Amino acid sequence: MGGWAIAVHGGAGVDPNLPLEHQEEAKQLLTRCLNLGISALNSNLPAIDVVELVVRELETDPLFNSGRGSALTEKGTVEMEASIMDGPKRRCGAVSGLTTVKNPISLARLVMDKSPHSYLAFSGAEEFARQQGVEVVDNEYFITPDNVGMLKLAKEANTILFDYRIPTSGYETCGSGVESPLQMNGLPISVYAPEPVGGVVVDRKGRCAAATSTGGLMNKMTGRIGDSPLIGAGTYACDVCGVSCTGEGEAIIRGTLAREVAAVMEYKGLKLQEAVDFVIKHRLDEGMAGLIAVSNAGEVAYGFNCNGMFRGCATENGFMEVGIWE
């Protein structure tokens with residue numbers, strides 16, 4: 001085996017006017033999560049434990065769109081979703097419609113480990129959480145002043161805002177007030193930027209795992225489910241690789257993006273970065289997205305077709321990178 005590797009992301013499609021201090025905050029969080037994962041991998045924790053650990057850290061910090069800091073629905077509430085997958089036997093767990101579970105990724109792990117199912121949603125997922133004794137909080141815990149302001153902007157513009165981190169003043173410079181050629185399921189949108197958080201890990205035994213978590217879209221319809229909890233779309237892991245996607249959920253779903261990376265490796269014989277590049281170029285059907293991936297050989301790769309992606313990656317041979325732009 002080629003040693004361990006890890007990658008994390010905080011969303012694809014970044015406001016080009018994002019203040020430098022916000023960029024630095026994002027890089028610091030990604031670095032902290034990488035270091036947390038590196039320490040766990042050096043302690044020989046299995047990939048599935050490490051990927052849950054780092055995504056929990058991303059959910060707990062309000063900077064990105066997952067857990068505390070999740071985007072708000074049209075009703076001003078939070079509905080979170082997450083999925084996790086263990087590559088060796090393709091075991092998986094997913095949850096949607098969570099309103100009180102502090103760490104959705106850990107509930108997804110419990111669905112995988114402690115239930116006969118792969119996917120639980122809304123009241124059933126909440127009931128399962130209480131049965132399992134996971135930490136729950138009031139929905140208000142997840143709501144931040146930034147997101148309240150962004151929901152107001154979204155309602156004023158009568159649109160879904162992808163970039164819920166745009167400053168609440170001067171937002172017209174970010175594209176919200178101008179006509180955009182971008183579309184989602186054939187409908188125009190105003191701004192395209194970060195969505196979920198995610199992580200992918202391969203350990204020293206070549207075991208791959210992947211996890212993705214999100215609050216979804218700002219001003220989304222209640223009950224909307226994106227790609228993040230869908231195995232094969234937003235998240236996938238097998239004995240070849242682990243993949244976590246971010247971006248326009250509807251396009252990722254249509255392209256079964258995460259599974260496609262594994263498929264072209266298995267059936268076309270592509271290397272990891274070649275597979276990522278192929279999928280980003282040929283499987284998005286004019287959608288905008290990004291993804292991170294690891295292989296069982298200890299490789300790490302990422303790709304995106306928008307102006308940026310919050311990401312960080314590291315390998316056992318000492319390579320480490322944290323970035324936003326091309």
Side-chain angles (χ1 to χ4, degrees), residues 2 4-12 37 47-48 50-52 54-55 58 66 81-94 105 108 112 118 195-203 206-214 226-249 251-284 287-305 309-315:
W4 57 253
I6 181 173
V8 293
H9 71 72
I48 190 68
V50 178
V51 81
E52 179 189 1
V54 296
V55 173
L58 288 163
S66 66
E81 51 198 28
S83 63
I84 192 168
M85 192 164 188
D86 193 11
K89 294 185 178 180
R90 289 188 290 190
R91 298 167 59 246
C92 59
I105 198 63
M112 180 178 75
S118 295
E195 229 192 308
V197 302
V200 290
V201 174
V202 59
D203 59 29
R207 298 172 295 196
C208 299
T212 314
S213 179
T214 190
D227 67 287
S228 296
L230 300 184
I231 299 301
T235 305
Y236 190 74
C238 59
D239 57 1
V240 173
C241 64
V243 184
S244 175
C245 300
T246 171
E248 184 187 332
I252 294 169
I253 292 168
R254 293 194 305 271
T256 57
L257 214 64
R259 169 58 190 156
E260 282 289 285
V261 174
V264 296
M265 292 180 73
E266 292 168 350
Y267 304 137
K268 292 175 82 65
L270 299 186
K271 298 294 186 182
L272 183 68
Q273 188 65 61
E274 293 174 334
V276 168
D277 293 342
F278 178 88
V279 168
I280 291 293
K281 184 175 180 179
H282 296 290
R283 293 293 185 262
L284 272 168
M288 300 183 72
L291 62 86
I292 55 174
V294 292
S295 76
N296 60 5
E299 302 164 305
V300 64
Y302 62 84
F304 52 92
N305 67 349
M309 179 172 72
F310 295 105
R311 82 274 180 183
C313 51
T315 60

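Heads up: numbering here begins at 1 and tracks the sequence. Everything numeric here is computed off the predicted structure, so don't read it as measured data.
V197 has its side chain out of reach of V8: every pair of non-hydrogen atoms, C-beta onward, lies at least 4.5 Å apart. Between V50 and D203, every side-chain heavy-atom pair lies at or beyond the 4.5 Å cut-off. Counting heavy atoms from C-beta outward, I292 and C313 have side chains that stay 4.5 Å or more apart. With a 4.5 Å cut-off on side-chain heavy atoms, V279 and L257 count as touching. I105 has its side chain within reach of I84: a pair of non-hydrogen atoms, C-beta onward, lies under 4.5 Å apart. Looking at heavy atoms from C-beta onward, I48 lies out of side-chain contact with R91 at the 4.5 angstrom threshold. Two residues are said to be in side-chain contact when any heavy atoms from C-beta on lie closer than 4.5 Å; L291 and V261 meet this criterion.
Judged by distance alone, the side chain of D239 and the main-chain N or O of G206 form no donor-acceptor pair under 3.5 Å. Judged by distance alone, with hydrogens and angles left aside, the side-chain atoms of E260 form no donor-acceptor pair with the main-chain N or O of G255 at under 3.5 Å.
Atoms CZ and SG, on R259 and C241 in that order, are 8.0 Å from each other to the nearest 0.5 Å. With rounding to the nearest 0.5 angstrom, the CG atom of D277 is 9.5 Å from the CG atom of L270. Expressed to the nearest 0.5 Å, how far CZ of R283 lies from CZ of R254 amounts to 13.5 Å. One distance of note links SG of C245 with NE2 of H9; it measures 7.0 Å at 0.5 Å rounding. From T246, atom OG1 reaches atom CE of M288 across 11.5 Å, with rounding to the nearest 0.5 Å. For the atom pair E52 CD and S213 OG, the distance stands at 11.0 Å (nearest 0.5 Å).
Taking the six-membered ring for Trp and thresholds of 30 and 60 degrees, Y302 and F304 have nearly parallel ring planes, at less than 30 degrees apart.
The two residues G303 and M309 come nearest to each other via the heavy atoms O-CE, 4.0 Å. Across every non-hydrogen atom of V51 and G199, the tightest pair is CG2-O, 3.2 Å. Minimum heavy-atom separation, M112 to G93: CB-N, 3.7 Å. Taking every heavy atom of both residues into account, G226 and I253 meet most closely at C-CD1, 3.7 Å. Closest approach of T235 to S83, counting heavy atoms only: OG1-OG, 2.8 Å. S244 and V200 make their closest contact through N-CG1, 3.5 Å (heavy atoms, listed as atom of the first residue, atom of the second, distance).
Side-chain polar atoms of T214 and S228 form no donor-acceptor pair below 3.5 angstrom.
Every residue two or more places apart in sequence or in another chain that forms a side chain to side chain contact (heavy atoms under 4.5 Å, CB included) with T315 is listed here: A5, V300, N317, F319.
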